[in-house]
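Below: the structure, in structure tokens.
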Amino acid sequence: MTNAISVENLSMTYDNKGEKNIAVDNISFTVDQGEIFSFLGPSGAGKTTTQRILTTLLPIENGEVSIAGYNVLTDAKKVRANIGYVSQLGGADPNATVRENLELTGKLYGLSKKLTVQRIDKLSKLLDFHELLSRFVRTLSGGQKRRVEIAQGILHEPEVLFLDEPTTGLDPQNRANLWRHIKKLRDNGMTIFLTTHYLEEADALSNRLVILDQGKIVAEGTPTELKKKVSGEAISLELKYLQDVEKINVFFNQIGIDNVIETDMKFTIYTSKGEELIGRIFKYSKENHVELVNLSLSMPSLNDVFLSLTGKELRDGGKRGEQ
Ligand SMILES: Nc1ncnc2c1ncn2[C@@H]1O[C@H](COP(=O)(O)OP(=O)(O)OP(=O)(O)O)[C@@H](O)[C@H]1O
Ligand SMILES: [Mg+2]
């Protein structure tokens, strides 16, 4: 069985007024047929750039890419016929109805009128917007609009669907609802490559994922495999006052803890002796009047994977020791 997506040594450099900016830095990966594969990474990691190359919207500079068995460079037309792409910005016309939008999509893909009507009926039921077909897109909620845009992306029944940050801007309930629909598409046999900067999303949806940072792949695997890479448990500690940062660092030094990851006034330590250490931190802070906003022990999350690999929090994109 051929891979749905195969990428080898892909690089992409933007020229910003003479200044070279490496957006994608020699990445390789494959995506199996029928899986949900994610790129998890902070803003500027190169997620959209990669997807735009894979969907033929940007030229290939270096590397080999094939989608659904077709080479992106030599068989771009075949690639386009076999993929759907829902961009970060979305593409639905706000001043047309849902049905009009989908009819136009059908025309663009060269589908017959009859087939378009059939597919609109099928997809609007599958993605739960059948009762919205006559509404203007501008009157839809964010989640409803997203589902219509996904239908636009798959009206021609492609093998591979690319979704660029599908749930950005949605509230948690709508996000979970969209996850359900994305899984439904996967369960119907579609291969899905999505990008996200939401850890929970990558965790909940992906069969496999890649963590991308500054154009490079820093980790790859199933969510469980990645979480297993972080040994032990995670202690999180947050200070109330800046003046205590030095104090606590001295304390960590004294007790021989040297793997502390510090972001702002938050500290993360991965340890196999979680309970013992948390007791010592608690005792120390009480005795030395160090006020804690938070002190907790948890099993590693994908955030911990990202933090331990890059020294950065994915949530805020903050960077350790950045000048
Ligand atoms: N058209 C462009 N011209 C110049 N530089 C660009 C262009 N598009 C993107 N970049 C730069 O390339 C890098 C990667 O950008 P990209 O949009 O691929 O990141 P991203 O992971 O999709 O980020 P986000 O989560 O914010 O969407 C960034 O440093 C960005 O500033
Ligand atoms: Mg992007």
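Predicted model only: the values in this text are computed from it and were never measured. Below, each value reflects all heavy atoms present in this structure, side chains not excepted, and no hydrogens, waters or symmetry copies. Just follow the structure's listing: the first ligand is 1, and inside any ligand the first atom is 1.
Residues Phe29 and Phe39 bring their aromatic ring centres within 6.0 Å.
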Next item on the list: Decide yes or no on side chain to side chain contact (heavy atoms under 4.5 Å, CB included) for Val65 and Ile60, but give the supporting numbers first.
Entry: CA-CA 8 Å; Val65 176; Ile60 280 209; 3.7 Å; yes

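Residues with a heavy atom under 4.0 Å from ligand 1: Tyr14, Asn16, Asn21, Ala23, Pro42, Ser43, Gly44, Ala45, Gly46, Lys47, Thr48, Thr49, Gln88, Glu165.
Between the side chains of Thr56 and Arg80, at least one donor N or O sits under 3.5 Å from an acceptor N or O. Side chains of Asp93 and Asn101: a donor-acceptor N/O pair is absent below 3.5 angstrom, by distance only. A donor-acceptor pair shorter than 3.5 Å cannot be found between the side chains of Ser87 and Asp164. A donor-acceptor contact under 3.5 angstrom links the side chains of Asn249 and Glu262, judged on distance only.
Under 2.8 Å from the Mg ion (ligand 2) lies no N/O/S atom of Thr49, from backbone or side chain alike. One of the N, O or S atoms belonging to Gln88 lies under 2.8 Å away from the Mg ion (ligand 2).
A salt bridge is absent between Glu200 and Arg175; no separation between the charged side-chain nitrogens and carboxylate oxygens falls under 4.0 Å.
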